[in-house]
Amino acid sequence: MTGDSAAGSTPNSISIQSAVKIYGSGADQHVALNGVDVTIERGQFVSIIGPSGCGKSTLLRMIAGLEEPDAGDVSVFGVTPERACVAKMIGLVPQTPALLPWLNVLKNVSMPAKINSAADRRRQRIDGHLQKAKPDMRDLLTKAGLGDAFNKLPAQLSGGMQQRTAIVRAFGVQPDVLLMDEPFSALDEFTREAIQGQLLDIWDEQNTTVVFVTHSVSEAVRLSDKVLVMSARPGRITAEVDITLPRPRSEAMLKTADFHHFEDIIRDHLQTSWQQNALPSVA
Ligand SMILES: Nc1ncnc2c1ncn2[C@@H]1O[C@H](COP(=O)(O)OP(=O)(O)OP(=O)(O)O)[C@@H](O)[C@H]1O
Ligand SMILES: [Mg+2]
């Protein structure tokens, strides 16, 4: 898709319609995604969970404009992913933080906004684009628990601090949508829970749309307005679960019966998906 506008989308939603992604050809052909339909409203926090290889990263890359669907439509707030990408409407937080090793924390998080003035102009020309005041990077770093690390180099930070720096950097350019692919998978459980809280605080303040891939049921429940459960072979959405727990969601909430109720619902859907995809046992 190359036009300016995109099918199926409004300025207020990300829309994926009947998306198919096929890798390889002939005997090596592999249907990674088949018939994926998703609508994500502006401002929502949506998680994607499913077995390894079911196509979560592929779906994220399609929204980011890094992969084209072989059939179907993907649109991001009324425009094609390619146009949204050029206008820097899309931010991506990968599994590893990829900071610039020669710049301190404050310079790492401030640099993208400095080099993106052309993208700012492109964004302003897109209907429905919300113009926001530039965030104070020192303030965002402090909210992420990095108030005393402005002048440290990446090599002087723990893995959790590096990941928080990458999150602040991504929020700093104020993307309309932030795509996060298992950003906390390398962290221990308690660090992870603390960073989840900081991510929620920043998301709440910035009102960004977030699409978040995770393998953790409790992480998906705590963070999300909606959890999309996927099954593999071929990858498709098998359930959409609205998480109606009140916000803010503190670490204490993780122990409540209401929280466990939502975890159980997601676990049941995952188990069904997993059973559908389980390899036949060898006699
Ligand atoms: N560039 C590619 N070329 C060929 N096959 C690919 C490519 N990228 C992904 N695949 C295949 O598509 C399927 C989905 O991959 P994807 O990385 O999206 O899965 P995932 O759900 O993110 O898995 P994980 O949880 O392990 O990260 C897998 O079977 C994978 O082997
Ligand atoms: Mg993946």
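Numbering of ligands and ligand atoms starts at 1, following listing order.
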So, do [X] and [Y] sit near enough that their side-chain heavy atoms are less than 4.5 Å apart?
{"X": "Asp181", "Y": "Val93", "result": "no"}
{"X": "Val74", "Y": "Thr80", "result": "no"}
{"X": "Gln17", "Y": "Val36", "result": "no"}

Of the protein's non-hydrogen atoms, which lies at the shortest distance from [atom], and what is that distance?
{"atom": "atom 6 (C) of ligand 1", "value": "Tyr23 CD1, 3.3 Å"}
{"atom": "atom 15 (O) of ligand 1", "value": "Thr58 OG1, 3.7 Å"}
{"atom": "atom 28 (C) of ligand 1", "value": "Gly53 O, 3.7 Å"}
{"atom": "atom 17 (O) of ligand 1", "value": "Ser57 CB, 3.8 Å"}
{"atom": "atom 27 (O) of ligand 1", "value": "Glu182 OE2, 3.5 Å"}
{"atom": "atom 25 (O) of ligand 1", "value": "Lys56 NZ, 2.7 Å"}
{"atom": "atom 26 (O) of ligand 1", "value": "Ser52 OG, 2.5 Å"}

Would you please determine whether Lys21 falls within less than 4.0 Å of ligand 1 on a heavy-atom basis? no
Looking at Glu189, I'd like to know if its CD atom is crowded, meaning that more than 12 non-hydrogen atoms belonging to other residues, nucleotides or ligands lie closer than 6.0 Å. no
Can you see which heavy atom on Leu103 is nearest to which on Met111, and at what distance? CD1-SD, 4.1 Å
Atom indices of ligand 1, in the order listed, that fall short of 4.0 Å to a heavy atom of His215: 25 (O)
Taking N or O atoms only and a 3.5 Å limit, does [X] qualify as a polar contact for ligand 1?
{"X": "Gly55", "answer": "yes"}
{"X": "Glu67", "answer": "no"}
{"X": "Gly50", "answer": "no"}

So His30 and Tyr23, would you call those rings parallel, tilted or perpendicular, with 30° and 60° as cut-offs? parallel
Short N/O/S contact of Thr58 with the Mg ion (ligand 2) (below 2.8 Å): no
Salt bridge flag under 4.0 Å for residues [X] and [Y]:
{"X": "Arg192", "Y": "Asp188", "answer": "no"}
{"X": "Asp204", "Y": "Arg247", "answer": "no"}
{"X": "Lys143", "Y": "Glu205", "answer": "yes"}

Heavy-atom protein neighbour under 4.0 angstrom from atom 30 (C) of ligand 1: no
